Every structure is written in C-alpha cells, then in structure tokens.
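Worksheet: one structure, shown below.
Any value given below was found using the heavy atoms of this structure, including those in side chains, with hydrogens, waters and symmetry copies removed. Being a predicted model, the structure only gives us computed values, none of them experimental.
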Amino acid sequence: MTPKSLRRGLLLILSSPSGAGKSTLSRMLMDWDPTMRFSVSATTRKPRPGEADGREYYFRSRDEFETLVAQGEMLEHAEVFGNFYGSPRGPVEAAMLAGTDTVFDIDWQGGQQVKQAMRGDVVSIFILPPSIAELDRRLRSRAQDSDEVIAGRMAKSRDEISHWAEYDYVLVNDDLSQTFARLQTILSAERLRRD
Ligand code: ADP
Ligand code: 5GP
C-alpha cells in the first residue's frame, strides 16, 4: 500500500438516485477502512428516526445554512428535494493534506461543484439500481419516508440518473456484496494511480 504521507487524500464521490444504495455502500467502505473519513453534510431537512446531529448530518435551519454558505464554509451546496444540502469545506481540506481519503454521499449538482473545485483529486462513482421497480421497492423497504416523500424521490430519480455519464465509474448495485467488491477494486486502483 502507498504510504499515507506520500499522497494527498482523494475525494471519493458517490451519487445515485435516492434508494439505490449509496449510504449502505459508504457505511461498508468506512467499516472496511476506518482510516477513511465520511464527509458529514449540513442539511435543512428534518432528521429521520435514528439520525443524530453531527453523525448522519448537521441539521441546520435555513438561516443557519445560508450563513454558512455566505461565509464560504461550503465546498459545494445544492437544493435537493426542496431542502438544502452542503459539504463543509474545512474538514475536507484538512483531510486531503493529511493524506486521508474522504467519501461524499452527494447529488450530481454537488458532484459537479466538487470536481470543478478539486479536479485532480476527485474520483466519482455513480450507483445505478438494477431497475426502477427495484428502486421503488428499496425506498419502501427502508421504511423511513412517507408515501408522499417516496413518490417525490421516485419522480426525481430519472433526472438524477440522466447524469450518470458525467462520472468516472458506474456501478449497477444489484448484488450488494458484488457491488461492494467492485467499489473496493476501484478505490484500491485509484490509490495506486495517484502520484
Ligand atoms: P441511498 O443512500 O442511495 O438513498 P440506501 O443505502 O439507504 O440508499 O438503500 C436503500 C435501501 O435499499 C436500504 O434499505 C438498503 O438496505 C437497501 N439496499 C441497498 N443496496 C441493496 C442491494 N444491493 N440489494 C438489496 N437492497 C439493497
Ligand atoms: P437524504 O435526504 O436521502 O439523506 O439525501 C437526499 C439527497 O441529497 C441524496 O441524493 C444525497 O446524495 C444528497 N446529498 C446529501 N448530502 C449532500 C450534500 O452535502 N451536497 C449535495 N449536493 N447533495 C447532498
């Protein structure tokens, strides 16, 4: 393995339509390699049952969020499903310098902004569901959103999917352990590719 101190941390962006499996895969990545850092986003959406402030997200009011953006503290931000989401800049820059890899679970708008800001350090992966019907099933099986919220997310899924070609890699998340094995392969190769 490349010694950590000899390379900058890379920025691994995972995007997908809601329900395709990004959160599951990013949790598996962190368990597999605890030296990686998950970029905890700020959001104006309300916490789901079981979500804790500072762990899944920093839950903020709209005013607080706008202040963070105005102060330049967001590496990227976007409106998704009627709420604001953004990635705090400071921890990402510190991790890069320390040689720590950062995982982002962000949408295509955020992905584009991070690529523009940090081009050479970004590896982007788009996760596709095996079918639209399976995406709907997964959103329901997660059992954390109302029917109305699920319908809204399904309606937006084609829009998110239409951006797949902007990513470095595309994974169809059919069998979870196979998808995770492919993710590990990508990360291992990208770590070796870097100067
Ligand atoms: P996202 O973060 O993309 O919105 P999640 O990771 O929350 O999606 O996954 C949505 C649901 O689908 C969860 O209940 C998760 O356990 C399940 N899931 C994820 N990947 C798979 C898979 N390959 N096969 C079956 N179910 C999956
Ligand atoms: P959820 O509400 O299901 O946690 O996330 C909804 C969507 O917002 C997902 O597509 C997720 O990737 C995206 N998202 C989460 N955090 C951020 C962020 O910091 N920036 C951007 N641009 N999108 C985010």
Given 3.5 Å as the limit, does a donor-acceptor pair link the side chain of [X] with the main chain of [Y], or not?
| X | Y | value |
| --- | --- | --- |
| R89 | G72 | yes |
| E76 | S87 | yes |
| Q178 | D175 | no |
| T100 | M96 | no |
| S39 | V103 | no |
| R60 | A42 | no |
| Q71 | L68 | no |

When you check the gap from the basic side-chain N to the acidic O, do [X] and [Y] get nearer than 4.0 Å?
| X | Y | value |
| --- | --- | --- |
| R8 | D121 | yes |
| D145 | R140 | no |
| K115 | D168 | no |
| R153 | E160 | no |

### Verdict with supporting geometry, S15 and I13, side chain to side chain contact (heavy atoms under 4.5 Å, CB included)
CA-CA 6 Å; S15 299; I13 296 178; 3.9 Å; yes
Could you tell me if [Y] and [X] have a donor-acceptor pair between their side chains, going purely by distance under 3.5 Å?
| X | Y | result |
| --- | --- | --- |
| Y58 | S41 | no |
| D33 | T35 | yes |
| S157 | D159 | no |

What is the distance from atom [atom1] of [X] to atom [atom2] of [Y], rounded to the nearest 0.5 Å?
| X | Y | atom1 | atom2 | value |
| --- | --- | --- | --- | --- |
| L75 | L11 | CG | CG | 7.5 Å |
| H77 | Q109 | NE2 | CD | 9.5 Å |
| Y167 | S16 | OH | OG | 9.0 Å |
| F65 | E79 | CZ | CD | 10.0 Å |
| S124 | H163 | OG | NE2 | 13.0 Å |
| R27 | L29 | CZ | CG | 11.5 Å |

So [Y] and [X], do their side chains get closer than 4.5 Å, heavy atoms only?
| X | Y | value |
| --- | --- | --- |
| R138 | P130 | yes |
| I106 | Y85 | no |
| F81 | S18 | yes |
| E66 | V69 | no |
| P17 | L135 | yes |
| M30 | P34 | no |
| M118 | Q113 | no |
| I161 | L128 | yes |

### Task
Verify side chain to side chain contact (heavy atoms under 4.5 Å, CB included) between L12 and F38, making sure each step is shown before the conclusion.
CA-CA 10 Å; L12 187 70; F38 181 73; over 6 Å; no
### Task
Check G86 against P88 and note the closest heavy-atom contact, atom names and distance.
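Heavy atoms of G86 and P88 come nearest at O-CD, 3.5 Å.
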Determine, using the 4.5 Å side-chain heavy-atom cutoff (strictly less than), whether [X] and [Y] are members of one ILVMFWY cluster.
| X | Y | answer |
| --- | --- | --- |
| V123 | M28 | yes |
| M36 | F180 | yes |
| M74 | F104 | no |
| L14 | L171 | yes |
| W164 | V80 | no |

### Task
Decide if atom CZ of R62 counts as having more than 12 heavy atoms of other residues, nucleotides or ligands within a radius under 6.0 Å.
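Enclosed.
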### Task
Begin with the C-alpha distance, continue with both residues' side-chain angles, and end with the deciding distance and a verdict on side chain to side chain contact (heavy atoms under 4.5 Å, CB included) for D101 and R191.
CA-CA 9 Å; D101 300 331; R191 281 172 167 170; 2.7 Å; yes
### Query
When you measure from the centre of the six-membered ring of F126, is the NZ or CZ of K22 under 6.0 Å away and within 45° of the axis?
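That pair does not qualify as a cation-pi contact.
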### Message
Set out, in order, the CA-CA distance, both residues' side-chain angles and the distance that settles side chain to side chain contact (heavy atoms under 4.5 Å, CB included) for L183 and I125, then state yes or no.
### Response
CA-CA 9 Å; L183 192 54; I125 305 178; 3.4 Å; yes
